[in-house]
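What you see is a predicted model, and the numbers here were worked out from it, not measured in a lab. Both counts, for ligands and for their atoms, begin at 1 and track the order of listing.
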Amino acid sequence: MHQRVFILGGTGEARQLAARLADRPGLRLTSSLAGRVREPRLPVGEVRIGGFGGVEGLAAWVREQRIDAVVDATHPFARTMTDNAALACHRVGVPLLVVRRPGWTAEPGDDWHPVESLRAAAELLPELGERVFLTTGRQGLAHFAALDLWFLVRAVDPPDVALPARTTVLLDRGPFTVDGERELLREHRVDVVVTKDSGGRMTTAKLTAARELGIPVVVVQRPPLPDVPHVGTVDAAVSWLDALLPREDHAG
Ligand code: NAP
């Protein structure tokens, strides 16, 4: 009988974890993506794409597939998915671990403005600048639509919602370099950056470039985690799985 592990993905950590588990004897691994991005970076191994239909659907899927452990390695801002996973796993009695990379911390020279939501970011912006670099992704852009400011919006796929009247869209995906980000901020004469506190290394270059150029950064704080076990690294997630599902080669 295979041990069955299910990873809720859409992040670098989810892909790294899948790679670490891919060749483990006796383990069958499935990763799940929401299907938001047209050409997603796929993890190794079995992948399913698309929502489950809420808590009920996820609980049914986990039960039907006889999953032994779920690892939620979704993005720190994928709040609905994380809340749903907590409820669904509790309902079906399957162990769940959340992998959450640590958030960023301000360094000397940073001019950060923490806010609780994208909406709060939109409210604060007119006080901070006129030319905005918005790096918060496609979702939530509607909060900025009514603002009479100039926006550089960077996203992986073209936004499909109403945008502010004065917007330039830049289609790109990380990792980014400090040189590239500095050049972008200069070229577009950006005077304020908006980011989620995503954490991780893939997108920190904009923070370094903003610090160097003395540009303020509006940092949207993370939503709270549900009351479930969580770790900060892929290594710690592998250790959790080792303890829960002893490796066949160790199990004798
Ligand atoms: P969300 O708002 O928390 O989730 C909305 C719905 O999308 C969920 O209820 C679920 O639909 C579906 N969903 C989300 N993640 C899924 C997954 N890994 N597999 C299958 N279905 C999933 O999620 P989100 O913020 O839109 O994020 C969507 C995906 O993009 C996630 O994989 C996340 O890791 C990744 N991502 C998000 C951000 C961000 O800033 N939010 C940034 C980078 C990557 P059902 O209710 O139908 O099951």
Visitor: Tell me which one of Thr74, Ile49, Asn84 gets a heavy atom nearest to atom 9 (O) of ligand 1.
Guide: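 The residue whose heavy atom sits nearest atom 9 (O) of ligand 1 is Asn84.
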
Visitor: Evaluating non-hydrogen atoms only, which member of Ala85, Ala73, Gly9 is closest to atom 32 (O) of ligand 1?
Guide: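 Minimum heavy-atom distance to atom 32 (O) of ligand 1 goes to Gly9.
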
Visitor: Treat each ILVMFWY residue as a node, draw an edge where side-chain heavy atoms are under 4.5 Å apart, and state whether Val169 and Phe151 are in one component.
Guide: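 Yes: a chain of side-chain contacts under 4.5 Å links Val169 to Phe151.
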
Visitor: For atom 11 (O) of ligand 1, what is the closest protein heavy atom, and at what distance to 0.1 Å?
Guide: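 Atom 11 (O) of ligand 1 sits closest to the protein heavy atom Gly51 CA, 3.6 Å.
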
Visitor: Would a 4.0 Å cut-off, counted as strictly less than, catch a protein heavy atom around atom 30 (O) of ligand 1?
Guide: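 No, no protein heavy atom sits under 4.0 Å from atom 30 (O) of ligand 1.
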
Visitor: Can you name the closest pair of heavy atoms from Gly232 and Pro102 and give their distance?
Guide: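 Nearest heavy atoms, Gly232 then Pro102: O-CD, 3.8 Å.
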
Visitor: Could you tell me the residue and atom name of the protein heavy atom closest to atom 37 (C) of ligand 1, and the distance to it rounded to 0.1 Å?
Guide: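 Its nearest protein heavy-atom neighbour is His75 CB, 3.4 Å.
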
Visitor: Measuring from atom 45 (P) of ligand 1, which candidate in Phe77, Trp61, Phe52, Phe6 has the nearest non-hydrogen atom?
Guide: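 Ranked by closest heavy atom to atom 45 (P) of ligand 1, first place is Phe52.
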
Visitor: Suppose I only count heavy atoms of Leu33 and a 4.0 Å limit; which atoms of ligand 1 are within that range?
Guide: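 Every atom of ligand 1 under 4.0 Å from some heavy atom of Leu33: 17 (C), 18 (N), 19 (N), 20 (C).
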
Visitor: Identify, for atom 17 (C) of ligand 1, the protein heavy atom at the shortest distance, and state residue, atom and that distance.
Guide: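 The closest one turns out to be Ala34 N, 3.5 Å.
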
Visitor: Checking side-chain hydrogen bond (donor to acceptor under 3.5 Å, both in side chains) against Arg28, which of Gln3, Glu46, Gln65 comes through?
Guide: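 Of the listed residues Gln3, Glu46, Gln65, the side-chain hydrogen bond (donor to acceptor under 3.5 Å, both in side chains) partner of Arg28 is Glu46.
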
Visitor: In ligand 1, which numbered atoms sit nearer than 4.0 Å to a non-hydrogen atom of Gly54?
Guide: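 Matching atoms, with element in brackets: 45 (P), 46 (O), 47 (O), 48 (O).
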
Visitor: Could you tell me the residue and atom name of the protein heavy atom closest to atom 2 (O) of ligand 1, and the distance to it rounded to 0.1 Å?
Guide: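 The closest one turns out to be Thr80 OG1, 3.9 Å.
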
Visitor: Near Lys196, which atoms of ligand 1 are under 4.0 Å from a heavy atom of that residue?
Guide: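 Heavy-atom distances to Lys196 below 4.0 Å select 39 (C), 40 (O), 41 (N).
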
Visitor: Answer yes or no on whether Arg154 is positioned over the face of Phe176, meaning its NZ or CZ is under 6.0 Å from the six-membered ring centre and within 45° of the axis.
Guide: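 Because its charged atom sits under 6.0 Å from the ring centre and within 45° of the axis, Arg154 does stack over Phe176.
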
Visitor: State whether Trp112 and Arg211 meet the cation-pi test: NZ (Lys) or CZ (Arg) under 6.0 Å from the six-membered ring centroid, and within 45° of the perpendicular axis.
Guide: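 No, Arg211 does not sit over the ring of Trp112.
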
Visitor: Asp197 side chain to Gly103 main-chain N or O, any donor-acceptor pair under 3.5 Å?
Guide: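 Checking the backbone N and O of Gly103 against the side chain of Asp197, no donor-acceptor pair under 3.5 Å is found.
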
Visitor: Should you measure from each heavy atom of Gly50, which atoms of ligand 1 turn up under 4.0 Å away?
Guide: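 Going through ligand 1 atom by atom, the ones under 4.0 Å from Gly50 are 20 (C), 21 (N).
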
Visitor: Which residue from Glu56, Arg36, Gln139, Met81 reaches closest to atom 7 (O) of ligand 1 through any of its heavy atoms?
Guide: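 It is Arg36 whose heavy atom sits nearest to atom 7 (O) of ligand 1.
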
Visitor: What protein heavy atom sits nearest atom 19 (N) of ligand 1, and how far off is it?
Guide: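 Answer, as residue, atom name and distance: Ser32 OG, 2.7 Å.
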
Visitor: Distance alone, cut at 3.5 Å: any donor-acceptor contact between the side chains of Arg48 and Thr30?
Guide: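 Thr30 and Arg48 do not have a side-chain donor-acceptor pair below 3.5 Å.
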
Visitor: Are the charged groups of Glu56 and Arg91 less than 4.0 angstrom apart, N to O?
Guide: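 Salt bridge: yes.
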
Visitor: CG/Asp235 to CH2/Trp240 distance, rounded to the nearest 0.5 angstrom?
Guide: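 The distance works out to 15.5 Å.
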
Visitor: Could you tell me, atom by atom, which parts of ligand 1 come under 4.0 Å of a heavy atom of Arg79?
Guide: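 Answer for ligand 1: 3 (O).
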
Visitor: Got the closest protein heavy atom to atom 47 (O) of ligand 1, with its distance?
Guide: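 Result for atom 47 (O) of ligand 1: Gly53 N, 2.8 Å.
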
Visitor: So does Glu130 pair up with Arg166, basic N to acidic O under 4.0 Å?
Guide: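 Looking at Arg166 together with Glu130, the answer is yes, because their closest N to O distance falls below 4.0 Å.
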
Visitor: Nearest to atom 25 (O) of ligand 1, what protein heavy atom do you find, and at what distance?
Guide: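 So the nearest neighbour among protein heavy atoms is Ala78 CA, 3.5 Å.
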
Visitor: Which residue and atom name correspond to the protein heavy atom nearest atom 35 (C) of ligand 1, and how close is it?
Guide: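 Minimum-distance protein heavy atom for atom 35 (C) of ligand 1 reads Gly10 O, 3.8 Å.
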
Visitor: So that I can tick it off, tell me whether Asp157 and Arg36 are bridged by a salt bridge, with the cut-off set at under 4.0 angstrom between side-chain N and carboxylate O.
Guide: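 Salt bridge: no.
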
